[in-house]
Structure formats: C-alpha cells, structure tokens
Amino acid sequence: GVEVGPQPQGVARADILDKMRKIVKHGLDFVQLFNEGKEFPPCTIEVFKIMEKVDYPRNKDGEIIAIIHPKLQDQDWQPLNKGDPLFLTLDGEVIPYQGDCTVYPTFINEAAYYEKKQAFVKTEKIQLTARPLRCSGS
C-alpha cells in the first residue's frame with residue numbers, strides 16, 4: 001500500500017493524487033529494472049522511526065485541556081526541540097516540549113486520531129543502509 005498525505009478524510013486533492021501516481025510509477029519502474037537484471041548499488045537513506053504516540057493533555061475526567069500550539073501545527077517531519085511550544089491550553093498557557101532529544105513529530109492534530117487519543121507521533125531520524133541488490137533468477 002501507498003499512503004500519501006496529509007489530506008483531510010474524504011477529500012480528493014489533485015496535488016496529492018499526482019504525488020501518489022509518481023510514487024507508484026517509481027515503484028513499477030524499480031520492479032521492471034530489477035526483473036531485467038539491473039544491479040542496484042548499496043545506498044543509505046534517512047527514515048523516520050516511530051518512537052511513541054503522544055496524547056493531548058487531559059483533565060482527571062479525560063477531557064482534552066489543551067490544543068496543538070500554532071507553531072507546531074502543519075510542521076510534520078520538522079525538528080521539535082526541548083522548550084519548543086507543543087500545546088496551548090484553553091487559558092492561553094504554552095506547554096513546551098520537555099523531551100531529552102530532538103524528535104520529528106508527524107500526524108500532528110489529525111482528525112482521524114482524536115478518538116485514538118493521539119495528538120501526534122514522535123519519530124526519530126535514523127539512517128538505513130541497503131546492500132547491493134540484483135535479481136538472481138532468470
């Protein structure tokens with residue numbers, strides 16, 4: 001499967017559809033070249049590894065008491081450092097990020113995750129290295 005976004009549920013966007021078509025085409029091109037015996041050299045790529053899901057601040061009754069801070073909204077995959085604004089209470093108090101390391105939040109304030117008690121997902125940026133790859137069959 002391929003998931004390309006972000007975009008609201010039930011909305012069809014031309015720019016997102018175009019990105020999806022391009023990634024599927026690249027995938028199909030890779031399969032064709034692989035099947036033709038092309039050798040792919042080793043490579044390294046940066047990826048984002050999920051660390052944990054983060055919930056909204058809640059009161060003792062389980063009600064949300066703060067929203068995503070405006071400086072974090074729409075900043076998926078951008079670095080979040082200790083002290084950066086994270087949430088904004090309904091009283092206007094800023095709740096900063098208190099983590100020990102820089103993280104890269106994603107799925108920030110996604111409507112589909114409210115019921116799952118998820119304000120965003122913390123990820124870390126890591127590098128993966130792939131060995132050379134070549135089709136061994138004929």
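By convention here, the first residue in the shown sequence is residue 1.
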What closest approach, in Å, do F87 and A66 show between heavy atoms, and which atom pair accounts for it?
CB-CB, 3.8 Å
For a 4.5 angstrom cut-off between non-hydrogen side-chain atoms, does L28 reach Q32?
no
In terms of heavy-atom contacts, I108 and Q75 come closest through CD1-C, 3.7 Å
Any L72 side-chain heavy atom under 4.5 Å of Y97 side chain
no
Would you find a donor on one side and an acceptor on the other, under 3.5 Å apart, between the side chain of T123 and the backbone of Y104?
yes
Non-hydrogen atoms of K122 and V54 that approach each other most closely:
CG-CG2, 3.7 Å
For T44 and Q127 the tightest heavy-atom approach is CG2-OE1, 3.3 Å
So, taking the atom named CZ in F40 and the one named CZ in R131, what distance separates them when rounded to the nearest 0.5 Å?
15.5 Å
Minimum heavy-atom separation for P79 and T102, please, with both atom names.
CB-CG2, 3.7 Å
Assigning hydrophobic clusters by single linkage (Ile, Leu, Val, Met, Phe, Trp, Tyr; side-chain heavy-atom cutoff under 4.5 Å), is I23 placed with L17?
yes
Mind checking whether L88 and P70 have side chains closer than 4.5 Å, heavy atoms only?
yes
For R21, does the CZ atom sit with more than 12 other heavy atoms under 6.0 Å from it, leaving out its own atoms?
no
Look at atom CD of E115 and say whether more than 12 heavy atoms of other residues, nucleotides or ligands are closer to it than 6.0 Å.
no
Just by distance, no angles: are the side chains of N109 and Y114 close enough, under 3.5 Å, to form a donor-acceptor pair?
yes
Hey, what do you get for CD1 (I65) to CG (D91), rounding to the nearest 0.5 Å?
9.0 Å
Under 4.5 Å between any side-chain heavy atoms of R58 and E63, yes or no?
no
Does atom CG of D61 have more than 12 heavy-atom neighbours from other groups under 6.0 Å away?
yes
Check this for me: does any side-chain nitrogen of one of D29 and K25 sit under 4.0 Å from a carboxylate oxygen of the other?
yes
When you group the ILVMFWY residues by side-chain heavy-atom contacts below 4.5 Å and let the links chain together, are Y56 and V121 in the same group?
no
Neighbour count >12 (heavy atoms, 6.0 Å) for atom CD1, I50
no
From L128 CG over to K49 NZ, what is the distance, rounded to the nearest 0.5 angstrom?
9.0 Å
Are there more than 12 heavy atoms of other residues, nucleotides or ligands under 6.0 Å from atom CD1 of I45?
no
CG/D74 to CG/D76 distance, rounded to the nearest 0.5 angstrom?
7.5 Å
Does F107 belong to the same Ile/Leu/Val/Met/Phe/Trp/Tyr cluster as I67, with side-chain heavy atoms less than 4.5 Å apart forming each link?
no
Distance (rounded to the nearest 0.5 Å) between K71 NZ and L86 CG:
13.5 Å
Within a 6.0 Å radius of atom CG on L133, are there more than 12 heavy atoms belonging to other residues, nucleotides or ligands?
yes
How far does CD of Q118 sit from NZ of K53, to the nearest 0.5 angstrom?
5.0 Å
Side chain to side chain, P132 and P42, heavy atoms closer than 4.5 Å:
yes
Non-hydrogen atoms of R134 and G37 that approach each other most closely
NE-O, 3.2 Å
